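Read the structure below first, then the notes.
Every value quoted in this text rests on a predicted model; they were computed, and no experiment measured them. In the text below, chain A, chain B and the rest are named by the order of the sequence lines, each starting its count at 1.
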There are 2 protein chains.
Amino acid sequence: MLDEEEITYFISLLKQEDVPKKGFVLREGHLCKNISYINSGLLRAYAPDKEGREATIMFAVADWWITDMFCFINQQPAMLFIEAVENSSVFHLQKNDLDKLYSKVPKFEKFFRIIMQNAYIREQLRGMQNLSLSAEERYNNFVIKYPQIVKQVTQKKIASYLGITPEFLSAIRKNKTK
Amino acid sequence: MLDEEEITYFISLLKQEDVPKKGFVLREGHLCKNISYINSGLLRAYAPDKEGREATIMFAVADWWITDMFCFINQQPAMLFIEAVENSSVFHLQKNDLDKLYSKVPKFEKFFRIIMQNAYIREQLRGMQNLSLSAEERYNNFVIKYPQIVKQVTQKKIASYLGITPEFLSAIRKNKTK
DNA sequence: ATAATTTCTTAAGCTACCTTAATTTTTTAT
DNA sequence: ATAAAAAATTAAGGTAGCTTAAGAAATTAT
């Protein structure tokens, strides 16, 4: 579908970075320059609220793309932090390079159309669950959907993804083992 | 950007439908055949939960596209109802016609890439707000962001979009006018 | 116009989830 | 290994938002 030359060109635009655990790929207030492909490891995007607490927007594992999409597309200061939960290897793609890619190799429009579509579907499904399920049901679904992430991140971070406190997640888990 | 022939072809794939107020464009359990462009009017997508209550997933006004994206892409029975809140005029595009469109006029990949991207951004922002704001703050933001929708839909539906009961929304509004 | 239906409001009691704080356990750094 | 820091647990008290129910207001249907 993509020939060798196209792939080579694509790869030439990517900038590899090793991000150590607790390192940041993006900080709130900094210009969101990149969309980042995760080669290995695990990243987390979160927004700090006014009390300084973190709302986890997404986790991203190998083969996922992550960015603060609004700020990336509009080349604005980020609302989100993106940090490595584990040592990770990522490939960054800058906005202007992505735009060049689209114009030189229009096939990448399809490539990213599908990425955007999947991201939208994920968020639409998450939104549905957040509106209609209890915290316990959301946690159970999370464990089923992302068993690997459950093993790799702290409960505190999972709680902040589910929209509950770590104390309450602890209570939910206690209930289950009974 | 798109020439006349391409636009004509695109339009030839669209099927116009007048949907009366309270009419359905999609029903839960029915195959989700279409993605629908709203020419005029106002539609609402919602998921019924197990107690039969409705979680409003999105409102869509003129110039927006709406579907149960997961079920449309995978051509599965819908999880959502999509109903007209006002008399509406919509243009439907079937999955196989969209696929044809992509292969005959690849420029439409970009067209829908941007639609998917905007939809993702919307959901990512909404997710952030749901995690970090109180019901009152979410309502205030909704009124600022969608003043027109506030005028056109019942509070019951807005409440179900915000993830609260109509009674509690009523209480929030009462507080504000004091 | 009138009746029927739906929406909105109000209020009282309730519960899912939060807060605070202290203790234990696990992880990280030296 | 040891100390320090972070995460997880537990428990008691608190609150945002829910439930139920009944009446008022608005909308829809006849």
Side-chain angles (χ1 to χ4, degrees), chain A residues 19-24 42 44 46 48-56 59 81 83-88 129-143 149-178, chain B residues 19-23 42 44 46 48-56 59 81 83-87 129-143 149-178:
Chain A
V19 188
K21 186 167 179 170
K22 297 192 180 172
F24 286 92
L42 174 54
R44 176 177 78 108
Y46 65 90
D49 70 12
K50 40 198 177 323
E51 282 99 33
R53 269 168 299 200
E54 302 172 356
T56 295
F59 294 105
F81 289 90
E83 64 156 20
V85 175
E86 301 286 357
N87 293 331
S88 301
Q129 298 210 352
N130 285 339
L131 287 177
S132 56
L133 302 182
S134 68
E136 179 165 8
E137 290 169 319
R138 281 178 273 141
Y139 174 66
N140 293 339
N141 287 352
F142 186 85
V143 172
I149 294 177
V150 174
K151 288 177 196 147
Q152 292 180 16
V153 311
T154 59
Q155 284 175 216
K156 191 181 173 182
K157 291 181 172 85
I158 293 173
S160 89
Y161 180 90
L162 297 174
I164 58 177
T165 57
E167 292 84 356
F168 191 56
L169 178 53
S170 182
I172 289 170
R173 284 164 51 87
K174 188 183 177 188
N175 257 309
K176 287 194 64 177
T177 53
K178 271 199 303 210
Chain B
V19 188
K21 187 169 178 168
K22 295 191 181 175
L42 174 55
R44 177 177 77 110
Y46 65 89
D49 70 12
K50 40 199 177 329
E51 282 99 33
R53 270 169 297 199
E54 302 173 355
T56 295
F59 294 106
F81 290 91
E83 64 156 20
V85 175
E86 302 286 355
N87 293 331
Q129 299 208 353
N130 285 165
L131 287 177
S132 55
L133 302 182
S134 68
E136 179 165 8
E137 291 169 319
R138 280 179 273 142
Y139 174 67
N140 293 340
N141 288 353
F142 185 85
V143 172
I149 294 177
V150 173
K151 288 176 195 148
Q152 294 181 346
V153 311
T154 60
Q155 285 176 216
K156 190 180 173 182
K157 290 181 172 85
I158 293 173
S160 90
Y161 179 89
L162 297 174
I164 59 177
T165 58
E167 292 84 355
F168 190 58
L169 178 53
S170 182
I172 287 170
R173 285 163 52 84
K174 189 184 176 190
N175 258 308
K176 286 194 63 174
T177 54
K178 271 200 299 209

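- Per the geometry, CG belonging to B/Leu162 stands 17 Å off P belonging to D/dA16, to the nearest Å.
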**Study point:** A/Asn175 vs A/Glu136, side-chain hydrogen bond (donor to acceptor under 3.5 Å, both in side chains): CA-CA, chis, key distance, verdict
**Key:** CA-CA 10 Å; A/Asn175 257 309; A/Glu136 179 165 8; 5.6 Å; no

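- Comparing atom distances between the A/Gln155 side chain and each of D/dT9, C/dC17, D/dT19 picks out D/dT9 as nearest.
- A/Glu86 and A/Lys22 are not joined by a salt bridge, as no carboxylate oxygen comes within less than 4.0 angstrom of a charged side-chain nitrogen.
- Along DNA chain D, the nucleotide nearest B/Leu133 and the nucleotide nearest A/Thr154 are compared for position; the residue whose nucleotide lies closer to the 5' end is A/Thr154.
- For the pair B/Glu136 CD and D/dG17 P, the interatomic distance rounds to 9 Å; values are reported in whole Å.
- One interatomic measurement links the two molecules: CD1 of B/Ile158 to P of C/dT7, which rounds to 13 Å at whole-angstrom precision.
- Between A/Ser170 and D/dA8 there is no side-chain N or O to OP1 or OP2 distance below 4.0 Å.
- If one axis is set at each end of the helix from C/dA1-D/dT30 to C/dT30-D/dA1 from five pairs, those axes are 70° apart, to 10°.
- When the nucleotides D/dC18, D/dT9, C/dC18 are ranked by their closest atom to the side chain of A/Phe168, C/dC18 comes out on top.
- Atom CG of A/Asn130 and atom P of C/dC17 are 12 Å apart (whole Å).
- For the side chain to side chain donor-acceptor pair (under 3.5 Å) test with A/Glu54, the passing option among A/Arg44, A/Lys156, A/Lys157 is A/Arg44; the others fail.
- Between A/Glu167 atom CD and C/dC18 atom C1' the separation is 8 Å, expressed in whole Å.
- The shortest distance between the side-chain N/O atoms of A/Arg138 and the OP1/OP2 oxygens of C/dA16 is not below 4.0 Å.
- The shortest side-chain heavy-atom distance between B/Gln155 and B/Arg173 falls under the 4.5 Å cut-off.
- Regarding B/Asn87, its CG atom lies at a distance of 16 Å from the P atom of D/dT27, rounded to whole Å.
- A parallel orientation is assigned to the rings of B/Tyr46 and B/Phe81, their planes being inclined by less than 30° (bins at 30° and 60°).
- Pairing each heavy atom of A/Ile164 with each of A/Ala135, the nearest pair is CG2-CB, 3.6 Å.
- Residue B/Lys174 places its side chain closer to C/dA11 than to any other of D/dT28, D/dT19, C/dA11.
- Using a 4.5 Å heavy-atom threshold, the side chains of A/Val85 and A/Val153 count as touching.
- Atom-to-atom, CD of B/Glu86 to P of D/dT27 comes out at 12 Å; the value is rounded to the nearest Å.
- At a threshold of 4.0 angstrom between heavy atoms, the contacts of B/Thr165 include nucleobase atoms, whether or not backbone atoms are also involved.
- Take the nearest nucleotide of DNA chain D for A/Lys22 and for B/Ser134: the residue whose nucleotide is more 5' is A/Lys22.
- In terms of phosphate contacts, A/Arg173 brings no side-chain nitrogen or oxygen within less than 4.0 Å of OP1 or OP2 of D/dT10.
- In this structure, CD of B/Glu54 is placed 9 Å from P of C/dT7, rounded to the nearest angstrom.
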